[in-house]
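The structure follows.
Here is how names work: the chains are called A, B, and so on, in the same order as the sequence lines, proteins then strands, and each is numbered from 1.
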There are 2 protein chains.
Amino acid sequence: MPRTDSRRLVLDHAARLFRERGYAETSQRDIADACGIRTASLYYHFASKEEIVAEVLNIGVATVSAEVERRVDALGPDAAPAARLQAAITGHLCALLELDNYTGANIRIFGHVPPRVREITMGPRDAYEAWWRDLLAKIAAQGAFRPEVDLKVIRLLLLGAMNWTVEWHRPRPDAAESVEAIARSLTDMALRGVFAEPAAAIA
Amino acid sequence: MPRTDSRRLVLDHAARLFRERGYAETSQRDIADACGIRTASLYYHFASKEEIVAEVLNIGVATVSAEVERRVDALGPDAAPAARLQAAITGHLCALLELDNYTGANIRIFGHVPPRVREITMGPRDAYEAWWRDLLAKIAAQGAFRPEVDLKVIRLLLLGAMNWTVEWHRPRPDAAESVEAIARSLTDMALRGVFAEPAAAIA
DNA sequence: GTCTATATAAGGATAGAC
DNA sequence: GTCTATCCTTATATAGAC
């Protein structure tokens with residue numbers, strides 16, 4: 001393997017730019033400039049812009065998928081449902097906001113890429129969402145959720161709360177809004193809610 | 001005023017297309033075609049594509065803002081915190097998913113428009129978010145939230161869970177995932193959580 | 001693997017007729 | 001208010017040298 005993998009360099013810069021500016025707003029010239037090469041040189045590594053973005057999207061799902069499963073598996077098979085949920089949430093947020101730019105790029109631009117690109121990259125994406133479906137289903141099977149809870153809607157709302165962080169979270173020196181803190185807030189809200197007296201909840 | 005306001009027709013189709021395909025992915029030709037006119041005719045109503053999208057974004061915020069405030073105000077000044085939160089959540093989701101395409105367009109493309117457009121449209125957007133900040137602050141002042149709750153993070157997570165629905169919700173005949181049902185699920189999770197025994201929550 | 005040069009298309013925008 | 005015609009710029013992509 002080459003000492004500096006220029007193919008990977010292209011992907012890294014592409015992921016960062018796609019995440020920062022969006023897909024259509026990022027030209028191949030932007031990507032090439034960031035890499036210090038010419039636009040035409042990109043075609044040695046990739047056949048088209050769509051091929052670049054497809055690979056960025058796939059790496060993004062692989063990254064978050066690996067991170068989340070790693071953290072949950074590390075807890076062992078007998079971990080409490082609450083701990084498993086917290087580990088999954090922390091892993092998702094960590095991949096999205098800290099690990100690299102691939103997952104963030106995926107979340108930000110997936111809905112804005114050409115339909116063909118969406119089609120060829122949605123397999124792993126669906127598989128990742130299925131993993132979450134399974135996680136919640138297992139927790140429900142243990143009787144940890146209140147029975148009236150709609151698992152599908154809750155899953156989509158939780159993933160939405162997490163995915164949207166990419167729109168507002170900016171890395172900061174202080175730990176007030178660290179990824180850990182956000183994960184704890186979300187887990188806590190999901191588990192017990194934010195109300196002091198839940199009994200006061202609407203019928 | 002004219003019998004058919006063609007300026008508004010342009011905005012309506014632009015909002016729909018921006019919401020469906022994104023900003024960069026929607027050309028002025030697409031908008032003109034949808035309206036049954038030529039590209040050049042758009043310039044009678046708007047000076048540029050940026051002027052069109054800026055107005056779409058502003059209408060979107062005005063719509064959701066009016067809807068949310070209307071529903072909360074209708075409860076009267078003595079309504080319970082839980083009812084106010086539920087009304088606000090329902091109003092936001094309703095504007096986003098049912099009322100028209102303007103709010104959905106705003107949420108989907110705001111992060112993808114040229115920086116100048118973001119700058120000139122972020123005033124009302126920030127004001128709307130400030131309204132949410134106030135709502136949660138008032139509820140907190142009544143002592144309804146557990147004291148350790150981080151109001152800023154919770155606000156951003158709630159708005160995120162709602163805003164992300166535009167990525168997955170598709171209108172359906174059955175009421176299983178009606179806007180009302182989604183709003184109830186989210187309000188319920190925010191208030192009391194989804195766990196049967198919150199005591200089992202992580203330290 | 002990267003370059004220069006260039007083909008080709010698409011999109012935003014303007015001029016001026018009707 | 002909408003049209004036809006056209007300009008200008010940008011972007012993807014290709015050809016072929018080094």
>> Let's see if you can work this out: which of dG12(C), dA11(D), dT2(C) has an atom nearest to the side-chain heavy atoms of H45(A)?
In response: dT2(C)

>> As a test of reading the structure: which of dC3(D), dG12(C), dG1(C) is closest to the side chain of Y44(A), going by heavy atoms?
In response: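 Nearest to the side-chain atoms of Y44(A), counting from C-beta on, is dG1(C).
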
> Within this structure, what is the CD-to-C1' distance between E51(A) and dT12(D), rounded to whole angstrom?
Replying inline: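 Spelled out: CD on E51(A) to C1' on dT12(D) is 14 Å.
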
>> I need the CG-P distance between D33(A) and dC3(C), as an integer number of Å.
In response: 11 Å

> When you measure from the side chain of R38(A), which nucleotide among dC3(C), dT12(D), dG12(C) comes out closest?
Replying inline: dC3(C)

> Checking salt bridge (charged side-chain N to carboxylate O under 4.0 Å, His left out) for the pair R192(A)/D188(A): CA distance, chi angles, key distance, verdict?
Replying inline: CA-CA 6 Å; R192(A) 43 210 300 233; D188(A) 224 46; 3.5 Å; yes

> Would you say dT2(D) has OP1 or OP2 under 4.0 Å from some side-chain N or O of S6(B)?
Replying inline: yes

>> Less than 4.0 angstrom between a side-chain N/O of S41(A) and OP1 or OP2 of dC3(C), yes or no?
In response: yes

> R29(A) CZ to dT12(D) P: how many Å, rounded?
Replying inline: 11 Å

>> When you measure from the centre of the six-membered ring of Y43(B), is the NZ or CZ of K49(B) closer than 6.0 Å and no more than 45° off the axis?
In response: no

>> Using the rule given for ring pair (Phe, Tyr, Trp, His ring centres under 6.0 Å), can you reason through H92(B) versus Y128(B), listing the C-alpha separation, both sets of side-chain angles and the distance that settles it, and then say yes or no?
In response: CA-CA 11 Å; H92(B) 188 94; Y128(B) 176 63; 5.7 Å; yes

Pairs: protein N or O with nucleotides 15-18 of chain D N or O, under 3.5 Å:
none

> Given that A47(A) and D30(A) both sit by DNA chain D, which one's nearest nucleotide is further toward the 5' end?
Replying inline: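 That would be D30(A).
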
>> Please find the pair of heavy atoms, one from V53(B) and one from E50(B), that lie closest to each other, and give the distance.
In response: CG1-O, 3.2 Å

> By a strict heavy-atom criterion of less than 4.0 Å, which residues belonging to residues 11-25 of chain B are in contact with DNA chain D?
Replying inline: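 Heavy-atom cutoff 4.0 Å gives no residues at all.
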
